[in-house]
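Basis for what follows: all heavy atoms, side chains included, without hydrogens, waters or symmetry-related copies.
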Amino acid sequence: MQKNILVTGANKGIGLEIVRQLAILGHQVVLTARNKVRGVAAQETLAKEGLSVHFIQMDVNDEAQIRAAAEQVNKQFGQLHVLINNAAISLAADASILLADSKVLQQTMQTNAFSMLTTVAAFSSILPSGGRIINLSSGLASMTDSISGWSPFYSCSKTLVNAFTRHQAFALAPKDIAVVSMCPGWVRTDMGGSAAPRNVSEGADTAVWLATAEQIETGKFYRDRKVIAW
């Protein structure tokens, strides 16, 4: 079955690779990015590879753009089968929990966690029974693994993403919409850095699998196609 799938923050890195892999599989994919020039450039890059994807400009921190994007998807495709919330930031000033900068904290939480609530609220109404929402999280969000100390605000924002995921899964269960979080692992991207052991293809794999697998378990946290502890 061909699915209509939207990926946020998808002009580069893991998001772009998720779009690429889903397009290769024959799905109708909407690539979103806050920067129109970069979004169109990503779309053109994929076109040169023989892949046709749609682009919609959408800043996840702009509620009006999110609502407009949902309306455009509904008008153009009728429904959205899968929403993949990938957009996130990690700021250089996010270095120590003891040097708390309220502006850095607010920006990180807004982009990585709060905006995801707004996005799900806008798109959930056009997700049919059997639809899916995939929230990209991180192993740094874990409440059971040891703490690395890297980007503590980013790590906490992803812990909040996991909490939101569980509540969204509960709220959308009556509509038979699955909601999950997933950890891509440490990936070589602008955020992950050159020392990361995984390439973007490996980082995107679980998200693509969650979007396309015949069945997944809602309200869970995944890595490498398996459920892991919160």
Return the minimal non-hydrogen interatomic distance between Glu17 and Val200, and the atom names on each side.
CG-O, 3.4 Å
Does CD1 belonging to Ile147 count more than 12 external heavy atoms closer than 6.0 Å?
no
Joint cluster assignment, Val53 & Leu25, ILVMFWY side-chain distance < 4.5 Å:
yes
Let me check something: do Trp209 and Leu136 share a hydrophobic cluster, defined by ILVMFWY side-chain heavy atoms less than 4.5 Å apart, either directly or through other members?
yes
Do Leu140 and Ser151 have side chains that get closer than 4.5 Å, going by heavy atoms?
no
Side chain to side chain contact (heavy atoms under 4.5 Å, CB included) partner of Leu31, the single match among Ile56, Thr8, Leu46
Leu46
For the pair Thr32 (side chain) and Gln57 (backbone), establish whether a donor and an acceptor sit closer than 3.5 Å, ignoring hydrogens and angles.
no
Keeping Thr206 on the side-chain end and Pro184 on the backbone end, is there a donor-acceptor pair under 3.5 Å?
no
Please tell me if the side chains of Asn4 and Val73 come closer than 4.5 Å, counting only heavy atoms from C-beta onward.
no
Does Asp94 reach the side chain of Pro152, with side-chain heavy atoms less than 4.5 Å apart?
yes
Other residues, nucleotides, ligands: >12 heavy atoms within 6.0 Å of Gln76 CD
yes
With clusters defined by side-chain heavy atoms of hydrophobic residues (ILVMFWY) lying less than 4.5 Å apart, directly or transitively, does Leu51 cluster with Val40?
yes
For the residue pair Gly26 and Gln2, what are the closest heavy atoms and their distance?
O-NE2, 3.1 Å
Please examine the side chains of Arg20 and Ser201, heavy atoms only from C-beta on, and report whether any two atoms are closer than 4.5 Å.
no
Nearest heavy-atom pair of Gln43 and Phe55: which atoms, and what distance?
NE2-N, 3.6 Å
Measure from the side-chain N and O atoms of Asn86 to the backbone N and O of Gly9, and report whether any donor-acceptor pair falls under 3.5 Å.
yes
Smallest separation among heavy atoms of Ala64 and Asp62, with atom names:
N-OD1, 3.0 Å
Can you tell me how far apart CG (Leu91) and NZ (Lys103) are? Round to the nearest 0.5 Å.
13.0 Å
State the CZ-CG distance between Arg132 and Leu127, to the nearest 0.5 angstrom.
11.5 Å
Give, for atom CD1 of Ile5 and atom CG of Leu22, the distance between the pair rounded to the nearest 0.5 Å.
4.5 Å
State yes or no: do Val161 and Phe153 share one hydrophobic cluster built from I, L, V, M, F, W and Y residues joined by side-chain heavy-atom distances below 4.5 Å, directly or via other members?
yes
Here's a test for you: under side chain to side chain contact (heavy atoms under 4.5 Å, CB included), which of Cys183, Ser138, Ser137 qualifies with Arg223?
Cys183
Heavy atoms from other residues, nucleotides or ligands near CD of Gln79 exceed 12 (cutoff 6.0 Å):
yes
Between Val19 and Val29 the two heavy atoms that sit nearest each other are CG1-CG1, 3.8 Å
Where does the angle between the aromatic ring planes of Phe114 and Phe164 fall among parallel (under 30°), tilted (30 to 60°) and perpendicular (over 60°)?
tilted
With a 4.0 Å cut-off on N to O distance, would you call Glu71 and Arg67 a salt bridge?
no
Step by step, work out the side-chain contact (heavy atoms from CB on, under 4.5 Å) result for Ser181 and Arg166.
CA-CA 9 Å; Ser181 287; Arg166 297 187 68 196; over 6 Å; no
Please report the interatomic distance CG(Leu6) to CD1(Ile133), rounded to the nearest 0.5 Å.
11.5 Å
Flag side-chain contact, heavy atom, 4.5 Å: His27 against His81:
no
Taking Lys3 for the side chain and Ala211 for the main chain, is one N or O donor matched with an acceptor at less than 3.5 Å?
yes
Given 3.5 Å as the limit, does a donor-acceptor pair link the side chain of Asn11 with the main chain of Ala42, or not?
no
Do Met116 and Val60 pass the side-chain contact (heavy atoms from CB on, under 4.5 Å) test, and can you show the C-alpha distance, the side-chain angles, and the key distance before you say yes or no?
CA-CA 7 Å; Met116 185 264 284; Val60 295; over 6 Å; no
Closest non-hydrogen atom pair, Trp230 against Gly219:
CZ2-O, 3.2 Å
Give the cluster check for Val227 versus Val179: same hydrophobic cluster or not, with ILVMFWY residues linked at side-chain heavy-atom distances below 4.5 Å.
no
I need the Met143 CE to Asn162 CG distance, nearest 0.5 Å.
10.0 Å
So, Thr159 side chain and Ser155 main chain: donor-acceptor pair closer than 3.5 Å or not?
yes
Lys175, NZ atom: more than 12 neighbouring heavy atoms under 6.0 Å
yes
Side chains of Ile66 and Phe123: does their closest heavy-atom pair fall under 4.5 Å?
yes
Rounded to the nearest 0.5 Å, how far apart are CG of Leu117 and CD of Gln168?
6.0 Å
Non-neighbouring partners of Glu44 that pass salt bridge (charged side-chain N to carboxylate O under 4.0 Å, His left out), sequence neighbours left out:
none
